[in-house]
Amino acid sequence: MTPTKICGLSTPATLDAALNNGATHVGFVFFAPSPRNLSFAQAAELAARVPRHVERVGVFVDPTDELLERAAPLIDAVQLHRTAPARVAATRGRLRLPAWAAVAVRTRADLDVAKTYAGAADRILYDAKTPEGAALPGGMGVRFDWSLLDGFRHPLPWALSGGLDPSNVAEAIRRTGAPLVDVSSGVESAPGVKDVDKIAAFLKAARP
């Protein structure tokens with residue numbers, strides 16, 4: 001199975017569905033405007049259920065140092081949205097955790113932003129650019145044109161996100177060669193409400 005991250009988990013039952021069906025990464029959101037936002041108590045409860053071979057990724061949007069430092073003991077990597085390369089590098093160094101830098105994509109020119117994170121991040125997460133004025137940087141079920149990745153020389157290890165779901169993830173992997181895929185809203189029954197059957201279907205579809 002292609003390595004797979006189920007993002008925005010918020011209950012033991014949905015976390016267990018991800019773990020029992022083979023997710024390699026789980027995402028915990030620390031961003032108050034998101035319907036997937038966790039309190040530190042919730043995050044601690046979930047983090048304790050994750051076996052060591054599964055990576056716990058904390059998801060942040062231009063976070064404060066205080067937020068990062070409080071979350072750091074509960075996670076194995078940081079995923080940073082709307083965060084400049086220098087800030088990503090500083091966060092990575094201070095927390096001593098691998099850093100994923102999210103790059104919002106709508107056009108081929110947007111991919112060039114990924115190059116600015118070389119040396120600053122450990123992984124690029126290509127996500128669909130959300131509409132202007134949107135409160136959330138992701139998790140809205142929007143996908144970008146995967147053909148934009150054709151021939152692109154990735155500056156770092158990378159992951160594909162944006163609009164993936166059980167019906168299209170196999171095609172996405174074939175089409176892009178993504179070494180890791182990331183889903184959030186595509187396995188939900190309502191914003192922020194994960195569906196255990198959709199999680200299982202997504203992870204099954206991600207198997208070769």
Side-chain angles (χ1 to χ4, degrees), residues 1-64 66-81 95 97-98 100 102 123 125 127-128 130 134-143 159-169 172 180-207:
M1 183 174 76
T2 297
T4 306
K5 174 167 158 276
I6 307 296
C7 196
L9 293 160
S10 59
T11 68
T14 55
L15 174 64
D16 290 350
L19 298 174
N20 294 339
N21 287 281
T24 56
H25 300 70
V26 292
F28 301 145
V29 175
F30 298 91
F31 181 54
S34 172
R36 305 165 187 92
N37 183 57
L38 296 177
S39 68
F40 290 108
Q42 286 176 301
E45 178 188 5
L46 296 176
R49 300 176 75 89
V50 180
R52 296 189 62 146
H53 68 274
V54 175
E55 188 166 299
R56 303 167 301 180
V57 182
V59 180
F60 305 87
V61 181
D62 190 23
T64 63
E66 179 187 10
L67 178 62
L68 288 163
E69 286 163 8
R70 288 191 68 187
L74 307 176
I75 58 178
D76 305 305
V78 291
Q79 177 180 315
L80 298 165
H81 292 254
L95 299 183
L97 291 173
W100 300 22
R123 186 185 303 275
L125 177 75
D127 199 359
T130 53
L136 305 179
M140 298 180 68
V142 179
R143 65 178 265 189
L160 180 67
S161 189
L164 299 179
D165 60 38
S167 71
N168 67 18
V169 65
L180 191 156
V181 289
D182 181 11
V183 66
S184 184
S185 62
V187 291
E188 291 180 343
S189 57
V193 181
K194 291 290 183 288
D195 183 297
V196 295
D197 293 330
K198 290 182 178 181
I199 290 171
F202 184 90
L203 291 166
K204 181 179 180 181
R207 296 188 181 102

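Index from 1, following the sequence.
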If I take atom [atom1] from residue [X] and atom [atom2] from residue [Y], how far apart are they, to the nearest 0.5 angstrom?
{"X": "L203", "Y": "M1", "atom1": "CG", "atom2": "CE", "result": "5.0 Å"}
{"X": "D76", "Y": "H25", "atom1": "CG", "atom2": "NE2", "result": "9.0 Å"}
{"X": "S184", "Y": "D165", "atom1": "OG", "atom2": "CG", "result": "12.5 Å"}
{"X": "F202", "Y": "D197", "atom1": "CZ", "atom2": "CG", "result": "15.0 Å"}
{"X": "L95", "Y": "I75", "atom1": "CG", "atom2": "CD1", "result": "7.0 Å"}
{"X": "L67", "Y": "F31", "atom1": "CG", "atom2": "CZ", "result": "10.5 Å"}

Which heavy atom of [X] sits nearest a heavy atom of [Y], and at what distance?
{"X": "A206", "Y": "T4", "result": "CB-OG1, 3.8 Å"}
{"X": "I6", "Y": "A18", "result": "CG1-CB, 3.9 Å"}
{"X": "S10", "Y": "G192", "result": "OG-O, 4.0 Å"}
{"X": "D182", "Y": "L164", "result": "O-CD1, 3.6 Å"}
{"X": "K5", "Y": "G27", "result": "CE-CA, 3.9 Å"}
{"X": "N168", "Y": "G163", "result": "ND2-O, 3.0 Å"}

Side-chain atoms of residues 40-47: list all donor-acceptor pairs with protein atoms under 3.5 Å, sequence neighbours left out, distances to 0.1 Å.
from : atom 1 : to  : atom 2 : distance (Å)
Q42  : OE1    : S39 : N      : 2.9
Q42  : OE1    : S39 : OG     : 3.4

Let's go through F60 and V78 carefully: what are the C-alpha distance in whole Å and the side-chain angles of both, what is the deciding distance for side-chain contact (heavy atoms from CB on, under 4.5 Å) to 0.1 Å, and is it a yes or a no? CA-CA 7 Å; F60 305 87; V78 291; 3.9 Å; yes
pair [X]-[Y]: side-chain heavy atoms closer than 4.5 Å:
{"X": "L19", "Y": "P51", "value": "yes"}
{"X": "K194", "Y": "T11", "value": "no"}
{"X": "R36", "Y": "S185", "value": "yes"}
{"X": "V183", "Y": "V169", "value": "no"}

I'd like to know if the side chain of D16 reaches the main chain of R49, judged simply by a donor and an acceptor atom lying under 3.5 Å from each other, with no hydrogens or angles considered. no
Steps toward side-chain contact (heavy atoms from CB on, under 4.5 Å) verdict (K204, N21): CA-CA 8 Å; K204 181 179 180 181; N21 287 281; over 6 Å; no
Residue that, paired with I199, satisfies side chain to side chain contact (heavy atoms under 4.5 Å, CB included) out of N20, L9, L15: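 Among N20, L9, L15, the one meeting side chain to side chain contact (heavy atoms under 4.5 Å, CB included) with I199 is L9.
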Identify, with sequence neighbours excluded, every residue that meets side-chain contact (heavy atoms from CB on, under 4.5 Å) alongside P98.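 Scan of P98 (side-chain contact (heavy atoms from CB on, under 4.5 Å), adjacent residues dropped) gives A77, D122.
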Please say whether more than 12 non-hydrogen atoms of neighbouring residues, nucleotides or ligands are located less than 6.0 Å from CZ in R70. no
